[in-house]
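Shown next, in structure tokens, is the structure this report addresses.
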Amino acid sequence: DSSVVSASRSAWVTGPRSINSTFNRFTISGTDLGISWDNGSGQTLMAFGDTFGDCNVVGQEWRHNTLMRTRDTKFDDGVSVPPGIPGDVQ
């Protein structure tokens, strides 16, 4: 596509080096492929494939796919993910 000028990595989204501290907050040490999209309600949703937890604890290494969302609109400094709230569908 000729409209794409350039791309660059700005920050880790998941893992111990991420700006979101996903290991400390959600015990997510890393993820596979991530796809993001605008949900039309002012949020960006991010779906991740294979998600890994605490690889030092037996049975906590691999998890199912995960979904994160954010209202962050400035991605050049990384994508901020707010705390997860069980049952919050908004």
Side-chain angles (χ1 to χ4, degrees):
D1 184 341
S2 62
S3 65
V4 176
V5 177
S6 67
S8 63
R9 178 175 58 191
S10 60
W12 293 95
V13 176
T14 62
R17 293 189 287 173
S18 82
I19 62 171
N20 295 299
S21 302
T22 60
F23 186 74
N24 294 330
R25 293 171 58 207
F26 310 121
T27 319
I28 294 176
S29 61
T31 55
D32 195 345
L33 178 65
I35 304 293
S36 61
W37 69 97
D38 182 334
N39 72 353
S41 296
Q43 297 175 330
T44 298
L45 303 182
M46 296 166 283
F48 297 97
D50 294 332
T51 300
F52 295 88
D54 188 343
C55 296
N56 294 315
V57 177
V58 176
Q60 295 293 314
E61 301 93 346
W62 183 84
R63 297 190 180 170
H64 296 283
N65 303 329
T66 56
L67 180 67
M68 295 182 182
R69 63 182 168 176
T70 184
R71 290 192 183 278
D72 188 348
T73 58
K74 190 172 182 279
F75 297 154
D76 62 340
D77 63 349
V79 178
S80 296
V81 176
I85 302 171
D88 179 15
V89 295
Q90 305 210 5

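All residue numbers in this chain count up from 1 along the given sequence.
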Would you name the heavy atoms of A11 and I19 that are closest together and state the gap between them?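 For A11 versus I19, the nearest heavy atoms are CB-CG2, 4.2 Å.
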What heavy-atom pair brings T31 and F48 nearest, and what distance separates the two atoms?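 Looking at all heavy atoms of both residues, the closest pair is OG1-CD2, 3.3 Å.
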Taking [Y]'s backbone N and O only, do any of them form a donor-acceptor pair with [X]'s side chain (distance below 3.5 Å, no angle check)?
X	Y	result
T51	G49	yes
S41	Q43	no
N20	V79	yes
S29	F52	yes
T22	G15	yes

Note, T66 side chain near F26 side chain (heavy atom, < 4.5 Å):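 SC-SC contact between T66 and F26 ruled out.
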Side chains of I28 and M68, heavy atoms from C-beta outward: is any pair under 4.5 Å?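 Yes; the side chains approach each other to less than 4.5 Å.
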Go through T44 and D72 one step at a time and tell me if the side chain to side chain contact (heavy atoms under 4.5 Å, CB included) criterion holds. CA-CA 8 Å; T44 298; D72 188 348; over 6 Å; no
Is there a path of hydrophobic side-chain contacts, each under 4.5 Å between heavy atoms of I, L, V, M, F, W or Y residues, that connects F75 with V81?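 The answer is yes; both residues are in one hydrophobic cluster.
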Report the C-alpha separation of N39 and R69 in whole Å, then their side-chain angles, then the decisive distance to 0.1 Å, and conclude whether the side chain to side chain contact (heavy atoms under 4.5 Å, CB included) test is met. CA-CA 9 Å; N39 72 353; R69 63 182 168 176; over 6 Å; no
Salt bridge K74-D76, side-chain N to carboxylate O under 4.0 Å: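 So K74 pairs with D76 through a salt bridge.
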Would you mind listing the cluster partners of V58? Hydrophobic ones only (ILVMFWY), side-chain contacts under 4.5 Å, chaining allowed.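 V58 shares its hydrophobic cluster with no other residue.
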